[in-house]
Amino acid sequence: MKRILFIIILSMGIVAGCSPTFIFGNEEAEPRTEPSINPYTIPPNFVPQAVVITALGDSLSQGVGDEENLGGYTGRVANEIRTWQGIEGVAVENTAKRGRRSDQLLAMIQQGELNGPVAEADYLSLTIGGNDIMRIVKRDLFSLNLEAFEDELILYENRFETIFTAIRDINPNAPMIIVGIYNPFSLITDEVEEFDQIIASYNQAMEDRAAADPQACFVPVSDLFVGNQNLVYHSDFFHPNSKGYDLMAERILERMEECGLNYEE
C-alpha cells in the first residue's frame, strides 16, 4: 500500500532576550513578560492519499443486480472510503465478471492478466466460489449428493490457496477483503440444511486462509441472505439487489474496522 510521505517539521528556536533582573539604584526592573506562542499542530493527513481498490472474482464483486448502478458492494465501499480523513480520491479497478469460477480466476492470474490491477491496488476485494458450487448443481441437478460437493471442496481449497498465494506474490502488503458466499436456495425453501453445510464448508476454507494473513480479512455474509425477509434479492432471485449490496457494504466496513484494515496516515 502506498505510504504517505511524512512531513518533517523543523522546529525553529525562538531567541528571546533576557531582561535584567538586577536593581539599579531605586528602580526595579520590569518583570519579564513571557512571549505568547500558540503551539503548532501538524494538520492531520497533511499529504492527501489517493487510493486504488481492485475488485477480483465473480458477479458479486462486479455488482450484478444493483438497480441503483452504484457498483455493488465495491462501489459502496469506495464511496465510504472517499469520506475518510486524508483520502484525496478513490479509483476502482473492477476486474470481476459474472459467472467466473475459481479455476478461471486462477488461470487469469497465472497467465499474468491481472498483474497490473493487483500490483497497483491499495485495497483488494475478492468474491469467488459461488459459481464453483453452482456448476455442480447444474451438472448433477437430478442426482445431487454431498460427496460431489465434498470432492469439489478439496479442489476448491487448493485453487483458493494458489490464488491467494499468487496475489500475495504480486502485492504482498495491500489489505485483502475476502467476502464469503451465501445460500440462494434459502429463498425458495427452508429445507436446505445440507446445502447450508456445504456453503459453511466453503466459507470456512476461505476464512481459515484469510486468518493466516495479517493483512487479510474474511467477511461473512450468508446470514444476510437467509430467505428474503429483508428483501435483499434481485428479480433473478440469485444476486443481491441494491439493498442487499447496502448490507454487504456495511458488513465489509464493520469487518475492516475489526480487522484493523482501515486507512491510517
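Heavy-atom basis, side chains included; hydrogens, waters and symmetry copies ignored. Numbers for residues simply follow the sequence, beginning at 1.
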Report the distance from atom CG of L124 to atom CD1 of I177, rounding to the nearest 0.5 Å. 9.0 Å
Determine whether the side chains of Q197 and S201 contain a donor N or O and an acceptor N or O closer than 3.5 Å. no
Give the minimum heavy-atom separation between R100 and T95, together with the two atoms involved. NH1-O, 2.8 Å
Decide if atom CD of E257 counts as having more than 12 heavy atoms of other residues, nucleotides or ligands within a radius under 6.0 Å. no
Are E152 and D132 packed together at the side-chain level, in the sense that at least one heavy-atom pair is separated by less than 4.5 angstrom? yes
Intermediate values then yes/no, side-chain contact (heavy atoms from CB on, under 4.5 Å), H234 and Y245: CA-CA 10 Å; H234 181 59; Y245 283 119; over 6 Å; no
Can any side-chain N or O of S242 pair as donor or acceptor with the backbone N or O of D66 at less than 3.5 Å? no
Taking the side chain as every heavy atom from C-beta outward, state whether L105 and L114 have any pair of such atoms under 4.5 Å apart. yes
Are the side chains of I133 and I198 in contact, using a 4.5 Å heavy-atom criterion? yes
Distance from E80 atom CD to I252 atom CD1, nearest 0.5 Å? 12.0 Å
So, for M206 and I128, which heavy atoms are closest and what is the spacing to 0.1 Å? SD-O, 3.7 Å
How about P240 and Y182: do any of their side-chain heavy atoms sit closer than 4.5 Å? yes
Determine whether I109 and I163 satisfy the following criterion, side-chain contact (heavy atoms from CB on, under 4.5 Å), listing intermediate values before the conclusion. CA-CA 7 Å; I109 293 175; I163 288 170; 3.8 Å; yes
Could you verify whether a donor N or O on one side chain and an acceptor N or O on the other, from S61 and T74, lie under 3.5 Å apart? no
For the hydrophobic clusters of this structure (ILVMFWY residues joined by side-chain heavy atoms under 4.5 Å, transitively), does one cluster hold both I87 and M256? yes
Any non-hydrogen side-chain atom of E157 less than 4.5 Å from a side-chain atom of L153? yes
Any chain of hydrophobic side-chain contacts (each under 4.5 Å) joining L155 to F149? no
How long is the gap from CG on L56 to CE on M176, to the nearest 0.5 Å? 8.0 Å
Does NZ belonging to K243 count more than 12 external heavy atoms closer than 6.0 Å? yes
Identify the heavy atoms of T54 and P117 that sit nearest to each other, and give their distance. OG1-O, 2.6 Å
Apply salt bridge (charged side-chain N to carboxylate O under 4.0 Å, His left out) to the pair D213 and R168, showing each step before the final yes or no. CA-CA 10 Å; D213 186 312; R168 279 301 182 223; 2.8 Å; yes
Contact summary for S222 and I181, nearest pair of heavy atoms: CB-O, 3.7 Å
Do V219 and I178 touch side chain to side chain, with heavy atoms closer than 4.5 Å? no
Assess the residue pair S125 and V77 against the criterion (side-chain contact (heavy atoms from CB on, under 4.5 Å)); give the C-alpha distance rounded to whole Å, side-chain angles, the decisive distance to 0.1 Å, and a yes or no. CA-CA 10 Å; S125 68; V77 170; over 6 Å; no
Just checking, is any N or O donor in the side chain of E207 or N203 under 3.5 Å from an acceptor N or O on the other one? no
Decide yes or no for F164 and R159: does some side-chain heavy atom of the first lie under 4.5 Å from some side-chain heavy atom of the second? no
Would you say L106 and L126 are hydrophobically clustered, going by side-chain heavy atoms of ILVMFWY under 4.5 Å? yes
CZ on R101 to CZ on R135, rounded to 0.5 Å: 4.0 Å
What closest approach, in Å, do E113 and Q111 show between heavy atoms, and which atom pair accounts for it? OE2-OE1, 2.7 Å
Whether Y123 and W84 hold their rings parallel, tilted or perpendicular, with breakpoints at 30° and 60°: perpendicular
With a 4.5 Å cut-off on side-chain heavy-atom distances among I, L, V, M, F, W and Y, is there a chain of contacts connecting L70 to Y73? no
Working for side-chain contact (heavy atoms from CB on, under 4.5 Å), residues V232 and L224: CA-CA 8 Å; V232 292; L224 303 177; 5.9 Å; no
Correct closest heavy-atom pair for R255 and C217 would be O-SG, 3.4 Å
Indicate yes or no: at least one non-hydrogen side-chain atom of F195 is less than 4.5 angstrom from one of V137. yes
State yes or no: are the ring centers of Y233 and F238 separated by less than 6.0 Å? no
Exercise: do R98 and S59 side chains pair donor with acceptor under 3.5 Å: no
Are V64 and M248 connected in the hydrophobic side-chain network, where two residues link if heavy atoms are under 4.5 Å apart? no
Regarding R76 and N79, is there a side-chain donor-to-acceptor distance under 3.5 Å anywhere? no
